[in-house]
Each structure stands twice: as C-alpha cells, then as structure tokens.
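Following: one structure in structure tokens, then a few remarks.
Throughout, a chain's letter reflects where its sequence line sits, starting with A, and its residues are numbered from 1.
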2 protein chains.
Amino acid sequence: MTAPPRRRTKARDPQGTRRALKEAATTLFARRGFAGATADRIARKAGVNKAMINYHFGGKRGLYSAIVRESFGTLLDRLRGAVDEEAAPADQLRGFIATFAEMAQGLPDLPAMLLREMMAGGEHRDLDREVFEFLPQILGTVRGVLEAGIRDGSFRAVNPLLTHLSMIGGLMFFFATDEFRRRALAEMKHAPAPPSAADFVSHLQDVMTRGIVAERHAAARKR
Amino acid sequence: MTAPPRRRTKARDPQGTRRALKEAATTLFARRGFAGATADRIARKAGVNKAMINYHFGGKRGLYSAIVRESFGTLLDRLRGAVDEEAAPADQLRGFIATFAEMAQGLPDLPAMLLREMMAGGEHRDLDREVFEFLPQILGTVRGVLEAGIRDGSFRAVNPLLTHLSMIGGLMFFFATDEFRRRALAEMKHAPAPPSAADFVSHLQDVMTRGIVAERHAAARKR
DNA sequence: GTCTATAGGCTGATAGAC
DNA sequence: GTCTATCAGCCTATAGAC
C-alpha cells in the first residue's frame, strides 16, 4: 500500500478539496443562508484556500448550485428506493417516513438548505428550474402509495398533494429545526428532553397512517 | 376631517415610516434571510430613506429584532385566544390550526421569517433568548389541549411535544413555502392546482384529529 | 424626521507565482 | 492544484445640512 501523500499545503487530492468545500458550505448555507455564508468562512471551515472555490466551482454561486443539485438527487434516489411496492400501502408510507428521517440524519444540514431554497420563492431563477424537476418526482412517489391505498380500500379518499405536504412538512420542519430545539430546550426550565429522531418518526408514522385509514378498515383492524 | 399631509419627501408621519420599514423588511428577510436583505433594498421597497433604518431602529439588526419580537408576540396572543376552553379538545385543536392559518394569511411572510430564525440554530444569541421565552408558551397552549383530551378519554396517550411538532411543522412548512409552490406548480405540466390555505387547514385538522383520537372513541363516533 | 454625501470595512473574484 | 496579494464593488453606518 502506498501511503497517501500527507502534504499539508500543496497539490492535495482535488476530490478531497471539492468534498471538503461542499461539506463545509452545506453546513454554513443551511445555518446562515446563501448571503450569510461568506466564501472566506466556507474555505476556512473546509481547511482549504479561498481561491479553490472559484477554481473548482466557478464561484460561490456555482458551489451552491452543485450542492443543491446533488442534494435533491440523493434525496430523490433514496426516497424512491424506500418504497417497496410489494408491501401494504400503510407500510410503504411508514417506510417513506423512516427513509426520509435516515437521510436527514446522515445529511443533517440538507433539510434546512432545501427549506431555505424553497423559501426564497423563486429568486434564484436558474436554480429553481432544476429544483422544479425533482419535486414532481418526489410527489409522484408519495402519490403512488396513496392512490394504491385508496384503491385497495385501506385509505380513505384523501387528497394526495395535501397529504404529501403535511407529511413532508412535518419531516422537514423537525429536522431543519433540530439543533435549535436542542439548544432551546436546554435553556428552558422544566423543559421536556429533546425528542429523538426515532421518537418523532414513529409518532409521525402513527398519526399519518391513523389519520388517513379508511373508517371501515380502521374498525375491522380493531380487536 | 383634516386631510393627511401628502408631502412626498419631508417630515412624514414617523409611525408610517416605521411601519413601512417593518413591512418591507419582513418580506425581504423572509425571502432572502438577514444577510441577503440589504438595508438599501429594504429602504427602497419601503419608499423611505435608507438612513431612517438607523434613526428609527438603531441599525439593520435592530429592525430585525423589532420584527422578530413583535411577530412572536402577535403569534402567541392570537394562538392563545384561539383556544376556547369550553369546547371539546378535538375542536380546540381544530381551532388552533385554523387560527394559525388565519394569522399566516394575514402576515404571509411571518412563517418563513420565524423558520429562518429557528434554522439559524442559535447564531443570533441575543435574539434567541427572547425567542426561547415565547416557545414554551405556545407549546404550553397545545399541550393543555392535548392533556385535556387525554384526560377525558377522547385522545389516545400521545406525546404532547411530538404532536405539537408535527402539527406546527406542517403548518409552518405549508405557509413558508406557499409562494414557491405556486410558482413551481405553475411551471409544471400536468400539475395539480395549488391548494388553498382553507383546503390545507381542513385536511390537517382531519388528519391530526383522526390521528390522535382514542380508538374506543373513534369507534363510538362511527354510525 | 428626513435627506445627501461619504467613510470604512468586508466580500467575491482574479492575476500570477509556485 | 494550490497559494498569496490585491482590486473593485457593495454594504452598513454616521456626520451634518435642512
């Protein structure tokens, strides 16, 4: 095995530089927004020279775009893979929620970054086009599950878009504000312990599936 | 009636200046974040001179603080008033959701601004202290309703914090991303019409109350 | 209270050595 | 590929006339 060249300053692995920049930038963009995350801070956090942002990504905006693009791609791939079409619709929905949570834990800054992107409301027009193409596909995945459940009589005739929004909304909010909640609860007296992701997942799974099961079906399930 | 002095440039009503600045700033802070909303843009949008930000609020950060403080205050007051303790817990919960939505429609930029504040995760340390004091009070309101419902047997024994989070999360997400959704759906082919706030409210009311009703109770309600 | 002019700092990006 | 040095532009905030 040839040991990797551990030089500190020069001619390091370019992929490593790119990755370090993307990781540092994701955290800073998530917490401070595009304008609030300065190129200088990003580079310092990544342990990389500032000029590398321009060399590798053609500027701060290019770095941002690369992250958003890849983030949405990762998100979509995993969510699609999560839905096991052999399973009962209610279990597919549970799987979707669990998978979203796993991804959010693996990439903790992603939900906040995506939320910020959506809240910009179409200011970054060039970026939005790309984002717009991912969204219907995620919606389509959830919609498929819901329609299957409605068809086989296990779900009542809920509106798929609204159901999708309340589910994704709860998830995005929980994970985007996770660190805030931790700090806020720590400073409060008589505060409950910060809930774990697992706690929230099973709560949301329960509320969502109970919230949309068909009445007959719910009654039949009872013993 | 003495007509209001319609001078364009000089010695206008100072309260009007303050209000115009806060309104313009709320929109820009919501869409672009604190750093992304420049004092110049805020002043131009408000139709007011840039220096007025410093005169009236002691700087951009002071303007931001004033808005966050007042926003949380308004939010809390209205949400408290929404819960009619005479009503059944399920109806109190429905009332809470409806009131949050009304407020969000009256102040459409508020949810995004508050979400951004939370996502900063404790960067604005001076501000956060104030924000931290409001949150337990809002949580307390919801918790009271849930505990009453659990006590009288109409709700199952759900975790109040988790229930609060999934409800508030769905609401915040829906309203913070409303404009984005409108634009995104408009550019998509075969897209459903953007859902109205009223649609989302009744959907969330249904899913939440069905999701947490006690099983017996749910069965008893069925005809 | 409002305005103009300007100071002073920080930001993103580039040129050019290595 | 990486680094240092540097520039032009923009940003917040203030001084001072009105």
CD of B/Glu179 to CZ of B/Arg182: how many Å apart, nearest 0.5 Å? 7.5 Å
A/Arg41 has an atom CZ; how far is it from atom C1' of C/dG9, in whole Å? 14 Å
Using a 4.0 Å cut-off on heavy atoms, which residues in residues 50-60 of chain B reach DNA chain D? List them by number, or say none. B/Lys50, B/Asn54, B/Gly59, B/Lys60
Spatial distance of atom CG (A/Asp109) from atom OG1 (A/Thr27) [nearest 0.5 Å]: 3.5 Å
Has A/Arg31 got its NZ or CZ under 6.0 Å from the middle of the six-membered ring of A/Phe180, at an angle within 45 degrees of the ring axis? no
Output the rounded distance in Å from CG (A/Asp13) to C1' (D/dT2). 13 Å
Tell me: CZ of B/Arg44 to C1' of D/dC10, nearest whole Å? 12 Å
To the nearest 0.5 Å, atom CD of B/Gln105 lies from atom CG of B/Leu110 at 13.0 Å
Whole-Å gap separating C1' (C/dT11) and CG (B/Asp40): 16 Å
Send over the distance from B/Ile42 CD1 to D/dC11 P, rounded to a whole Å. 11 Å
We want to know whether A/Asp199 and A/Ser196 form a side-chain donor-acceptor pair, criterion being a heavy-atom distance below 3.5 angstrom. yes
Distance below 4.0 Å between B/Thr17 side-chain N/O and C/dG1 OP1 or OP2: no
Step through it carefully: locate the ring centre of B/Phe173, locate the ring centre of A/Phe173, and say whether they are under 6.0 Å apart. no
Hey, is the side chain of A/Asn49 poking within less than 4.0 Å of OP1 or OP2 on D/dG1, counting only N and O atoms? no
